[in-house]
Amino acid sequence: MKKIAFAIIGFTATVVAHAQTLTVQQYVDKYKDLAIAEMKRSGIPASITLAQGILETENGNSDLVKRSNNHFGIKCKSTWTGESVTHTDDAPNECFRKYPSALDSYKDHSDYLKNTPRYASLFQLNASDYKGWAYGLRRAGYATNPRYPEILIRNIEQYNLQQYNSVSTDDATAFDAGKFIDEKKEEKIVAMATASAEQIKKTESNNPPKKVRTLFNSLKAVYAPKQTSLLAIATNYDIDLAKLLEYNDLKTDGLIKTSQWIYLEKKPKQGNRDFYIAIQNETLYAVSQNNAVQLQYLMNYNQMQENEMIKIGKKIKLRPNLATAEKPDVEDANVKIHEVQLKEGLYSIAKKYNVTVEEIKEWNNLETGDLKVGQQLIISK
């Protein structure tokens with residue numbers, strides 16, 4: 001019985017992970033045939049349809065699309081008689097259309113634009129004029145974001161979606177509607193798996209974090225829980241996704257695997273102080289993010305690899321040509337690790353070791369005096 005339970009949990013984790021980790025390119029590969037078919041049926045450029053789908057669903061990872069198969073953020077309106085879900089968008093608990101499959105969502109998107117008078121002028125444009133379509137959608141009131149056209153155009157050009165606008169009938173792969181209709185079965189499995197997974201472990205929000213803070217080296221950053229979409233962050237703060245990846249020394253997009261700071265600006269080549277002492281077992285990449293220093297330069301300063309584990313108390317150079325004798329590592333007799341006890345504060349800990357509060361904050365990379373029971377602090381004196 002236990003083996004069966006473990007198998008179910010393993011399957012659940014696999015399905016949920018697969019459902020939650022679509023990249024932009026995977027979304028495009030999965031739905032491009034559907035977008036092309038709708039272009040031939042309705043005249044809407046496939047690039048526009050795909051770009052809207054990428055944006056509205058966070059490349060297939062948003063909560064709304066998982067619950068409703070709604071790929072285009074279409075709200076119920078007075079004429080909708082089908083199923084619906086509530087979702088907070090421009091206002092709390094708004095009504096959004098729910099579809100049996102992605103195929104139904106794509107078809108309804110085409111029909112909605114085709115049959116709504118305010119979008120009529122768009123169908124006078126050439127299918128290759130994706131820029132005209134992008135700006136026309138905004139003027140007609142499809143989205144409230146004033147940057148909506150620029151975001152669509154950026155996604156189209158970055159992922160070469162315009163190539164699908166010129167696919168001829170002879171060049172197009174035969175459209176298999178069945179594979180999209182059959183998604184209903186897959187989506188039910190994913191929904192069941194997600195519900196089971198949430199009983200095992202609650203997942204964190206996929207929405208982009210709202211609060212921007214100024215961190216080390218005066219850089220702007222947001223704290224993103226694990227499973228946050230990098231595309232959502234890039235879109236929310238109007239940053240090119242490739243640039244956001246570069247700023248944070250990331251090689252691929254998708255959902256972040258661990259909670260971390262995400263920088264909205266490029267990190268400098270060196271830190272705002274000479275060194276950092278590890279307060280937990282961590283990778284050099286984590287040190288790079290926690291101290292706002294480009295990873296490549298930290299690797300050079302310390303002759304280490306990006307995923308090499310650093311032990312508690314290890315000193316990491318944040319600037320070049322730092323003499324190793326300037327500060328001791330934790331192995332030295334004068335360096336101690338203090339574990340925070342109940343009701344302890346920085347002042348009482350500083351008094352205990354005859355150091356200052358500011359020294360403890362500096363040694364441990366602390367911005368505030370807030371401590372947690374069990375937290376380990378470097379006492380380097």
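With sequence neighbours left out, the ring pair (Phe, Tyr, Trp, His ring centres under 6.0 Å) criterion links Y159 to no other residue. For T116, the side chain to side chain contact (heavy atoms under 4.5 Å, CB included) partners at least two apart in sequence or on another chain are Y112, R118, Y119. Residues passing the side chain to side chain contact (heavy atoms under 4.5 Å, CB included) test with M309 are N281, T283, sequence neighbours excluded. R154 is linked by a side chain to side chain contact (heavy atoms under 4.5 Å, CB included) to I151, Q158, D238, D240, counting only residues two or more places apart in sequence or in another chain. Applying the side-chain hydrogen bond (donor to acceptor under 3.5 Å, both in side chains) criterion to S121, with sequence neighbours excluded, gives no partner residue. In this structure Y347 satisfies the ring pair (Phe, Tyr, Trp, His ring centres under 6.0 Å) test with no other residue, sequence neighbours excluded. Scored by the side chain to side chain contact (heavy atoms under 4.5 Å, CB included) test, E265 finds L219, K220 as partners (sequence neighbours excluded). Scored by the side-chain hydrogen bond (donor to acceptor under 3.5 Å, both in side chains) test, D108 finds R97, Y99 as partners (sequence neighbours excluded). In this structure N248 satisfies the side-chain hydrogen bond (donor to acceptor under 3.5 Å, both in side chains) test together with Q289, sequence neighbours excluded. When the ring pair (Phe, Tyr, Trp, His ring centres under 6.0 Å) test is applied to Y142, no partner is found at least two apart in sequence or on another chain. Looking at residues two or more places apart in sequence or on another chain, you find a ring pair (Phe, Tyr, Trp, His ring centres under 6.0 Å) between F72 and Y106, H109.
Contact record, Y223 with S259: OH-CB, 3.3 Å, taken as the closest heavy-atom pair. Taking each heavy atom of N115 and P117 in turn, the nearest pair found is O-CD, 3.6 Å.
If you take OG on S62 and CZ on R67, they are separated by 9.0 Å, rounding to the nearest 0.5 Å.
Here salt bridge (charged side-chain N to carboxylate O under 4.0 Å, His left out) pairs that include residues 127-136, with residues two or more places apart or in two chains, are K131-E157.
Between the side chains of E58 and Y27, no donor-acceptor pair is found at a separation under 3.5 Å. For the 3.5 Å distance criterion, the side chains of S105 and N69 fail to qualify, holding no donor opposite an acceptor.
Put simply, the side chain of R319 never gets that close to the backbone of Y301: no donor and acceptor are under 3.5 Å apart.
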